[in-house]
Number of protein chains: 2
Amino acid sequence: MSQTHWEEFYATHLPPTDFEDNRSLLKEFCDRHNKIKSNVVLVTSGGTTVPLEHNTVRFVDNFSAGTRGSASAEYFLDHGYAVIFMHRLKSLEPFTRHFTGQQFLDMLELHESGPSTTITVDPDSVDVLAPILQKYKNARESQMILYISFTSVVDYMWLLRAACECLATFEQRALLYLAAAVSDFYIPSDKMPTHKMQSGQGAPVISLQLVPKMLAPLASLWVPHAFVVSFKLETDESLLITKSRDSLNKYKHKLVIANILQTRKHRVVFVTPTTSYELHLTREQALAGLEIEEPIVADVVRKHEEFINSATRQ
Amino acid sequence: MSQTHWEEFYATHLPPTDFEDNRSLLKEFCDRHNKIKSNVVLVTSGGTTVPLEHNTVRFVDNFSAGTRGSASAEYFLDHGYAVIFMHRLKSLEPFTRHFTGQQFLDMLELHESGPSTTITVDPDSVDVLAPILQKYKNARESQMILYISFTSVVDYMWLLRAACECLATFEQRALLYLAAAVSDFYIPSDKMPTHKMQSGQGAPVISLQLVPKMLAPLASLWVPHAFVVSFKLETDESLLITKSRDSLNKYKHKLVIANILQTRKHRVVFVTPTTSYELHLTREQALAGLEIEEPIVADVVRKHEEFINSATRQ
């Protein structure tokens, strides 16, 4: 399959079983927010899997806990955006990301008094938990966030296109913040064994094929008026700017946020068609608990507003 | 590397960076429980990763949420065992597994009254949460459980051997319940690229090698007196019993718990050197919320007790 044949990808890979449910949810969410003229952001987050068998026991995965996407979603809500949070199942989610594993149970106190038992959050934890809980409840009650989840790269591709179909009507007011770590490679459905590979048959060789670059139809056909931001993660600093610039030239979108695996929590590079500049946390900011997603989102929102304004002026 | 050369695996792959810390924790935990003559179980849980690059962006993973291991650990605690819960980082853990994602925040109620804010668990959720919270706090306070985590198959192998070194002194009182989904394949350190594979260079071919079967040195050398239980997950029913029997013949351990991917939540087969029998939940039991790990662990504990008794009588 050549890289440009994205249509063939959809023609030869079935949508996930819950696809129609998710499409309805997306449509309802977008219709409602388009009516009230909200700005909307699609945040994609977490890694995609590439199954190695139809009855999937083994898969190739991309490193991504979903930190960037889940934190950014919170800041977009702060800026008044309606947020479609399209994430890898069980990756980090906005709000809950602050309390992983046992932290949650450790905050709780059991009080047994006679027949009635109550459970409270210990006073020391209330300070941290209360503002997050309040924001979580506000976002849910005002229906400003929609959670959609994927697992495999095929699921992701189907949901991405379905979301774009709904976002197109927002024109310039739609922001796409494509932070998910999507596999570049996959095993086509017809090349995949049915059952678990057997170790008795010797060491297997896995032949991967290139996933078509969906940024091409996305930016030019699906949401041609939207503000599209893609991410680039590298481990080799020397490739970072060149590859980001190549991507902008090829897909004609607005912004690449580039980062290096090892330093991604305190440094990113914003690459636009005409400029590139670094955004980083100082040591003091990092120690004070500031997350780099806060200034990243603030900068993206500012750029998106300029983009909307310049489109309106024309 | 031939399958028997497990020593070469350790000689050519470095231990994880936090290895010595974990070894100290294991030693302290085992020394304490050996002194008071506890029975001890090592529960391994979750899948292992096989990194495809040294600066890991991509990896092969095994399907496993850690349900079997995390549920079983709770039941072993109920039976009075000291539990080493050796699990894949971020897979399910005992107790917290009951409350995933937003469930936790949805249970909480914010009360703001004047300057002081309190947070309580809503009364409807207290019934479910209170007994689990109580057990969690008991296990922690009585130091009956030790949490150790791994990510890659190499981490797992180092920790497994370290745990066995500590468990050997328990002789028959040590139970190994090897429920982790450990990769059969890996990419040796010297065959791995340093940086992220580039999609511009075409579709990659991943050549995997067989991981040495650690059950061999484990059962015969590391903990020769322990009661060792391994698990077998297949997607093809026809291979299940044969492969379990092969494993018992080869490694001379006590029990294989065999299961099929699609039915593993309500049916397993216990395969011993001389018998095999099914253990399953009825539809009524499943609907009533019984977990199959409860009868599995009860049966394993019964077998382990018989094993200890017969060793004592000799």
Side-chain angles (χ1 to χ4, degrees), chain A residues 49 52-53 55-63 65 90 93 95-96 99-102 104-105 108 110 112 117-121 123 125-127 129-130 132-134 136-137 147 181 183-185 194-199 202-211 233-236 239 261-262, chain B residues 49 52-53 55-63 65 90 93 95-96 99-102 104-105 108 110 112 117-121 123 125-127 129-130 132-134 136-137 147 181 183-185 194-199 202-211 233-236 239 261-262:
Chain A
T49 67
L52 302 182
E53 303 120 346
N55 290 302
T56 308
V57 173
R58 298 194 181 88
F59 50 91
V60 178
D61 205 341
N62 275 52
F63 165 84
K90 296 188 184 161
E93 295 180 16
F95 310 112
T96 57
F99 312 98
T100 56
Q102 297 168 25
F104 153 53
L105 290 179
L108 298 178
L110 252 176
E112 285 177 275
T117 301
T118 58
I119 302 174
T120 59
V121 171
S125 304
V126 167
D127 289 350
L129 180 54
I132 295 165
L133 184 58
Q134 189 61 64
Y136 169 75
K137 289 190 184 284
Y147 295 84
S183 180
D184 294 325
F185 310 110
T194 303
H195 287 299
K196 184 181 165 186
M197 300 180 294
Q198 295 300 327
S199 59
V205 171
I206 302 169
S207 290
L208 297 170
Q209 297 202 9
L210 283 170
V211 169
L233 176 73
E234 293 295 335
T235 63
D236 187 349
L239 295 172
L261 183 65
Q262 293 81 352
Chain B
T49 66
L52 302 182
E53 303 121 347
N55 290 303
T56 308
V57 173
R58 298 193 181 89
F59 50 92
V60 178
D61 205 342
N62 275 51
F63 166 84
K90 294 187 185 164
E93 295 180 17
F95 310 111
T96 57
F99 311 98
T100 56
Q102 297 168 26
F104 153 52
L105 291 179
L108 298 178
L110 252 176
E112 285 176 274
T117 301
T118 58
I119 302 175
T120 59
V121 171
S125 304
V126 167
D127 289 351
L129 180 54
I132 295 165
L133 185 58
Q134 188 62 65
Y136 169 75
K137 290 189 183 286
Y147 296 83
S183 180
D184 294 326
F185 310 111
T194 303
H195 288 298
K196 185 181 166 188
M197 301 179 295
Q198 295 300 327
S199 59
V205 172
I206 303 169
S207 290
L208 298 170
Q209 297 202 9
L210 284 169
V211 169
L233 176 73
E234 293 295 336
T235 63
D236 186 349
L239 296 172
L261 183 65
Q262 293 81 351

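Here the structure is a predicted model, which means the values were calculated and not measured. Throughout, protein chains are lettered first and strands after them, A, B, ... in sequence-line order, and every chain is numbered starting at 1.
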### Query
Which one, B/T49, B/T120, B/V121, leads in non-hydrogen pairs under 4.5 Å with chain A?
B/V121
### Task
Please name all residues satisfying side-chain contact (heavy atoms from CB on, under 4.5 Å) with A/K137, sequence neighbours left out, ordered by chain then number.
A/L133, A/E141
### Task
Drop me the distance from B/E93's CD to A/T100's OG1, to the nearest 0.5 angstrom.
9.0 Å
#### Entry: Partners passing side-chain contact (heavy atoms from CB on, under 4.5 Å) against A/A130 (at least two apart in sequence or in another chain)
A/V126, B/L110, B/T117, B/I119
### Query
What heavy-atom pair brings B/Y136 and A/L105 nearest, and what distance separates the two atoms?
CE2-CB, 3.6 Å
#### Entry: From B/D61 atom CG to A/L52 atom CG, the distance as rounded to the nearest 0.5 Å
10.0 Å
### Query
What is the ring orientation for B/F104 with A/F104, classed by angle as parallel under 30°, tilted 30 to 60°, or perpendicular over 60°?
tilted
### Task
Would you mind checking which part of A/E112 comes under 4.5 Å of any heavy atom in chain B, side chain (CB onward), backbone (N, CA, C, O), both or neither?
side chain
### Summary
Of A/T118, A/V60, A/I132, the largest count of non-hydrogen pairs under 4.5 angstrom with chain B goes to A/V60
#### Entry: Side chain, backbone, both or neither of A/A65 within contact of chain B (heavy atoms, under 4.5 Å)
side chain
### Query
Hey, does B/Q102 have a side-chain heavy atom less than 4.5 Å from the side chain of A/F95?
no
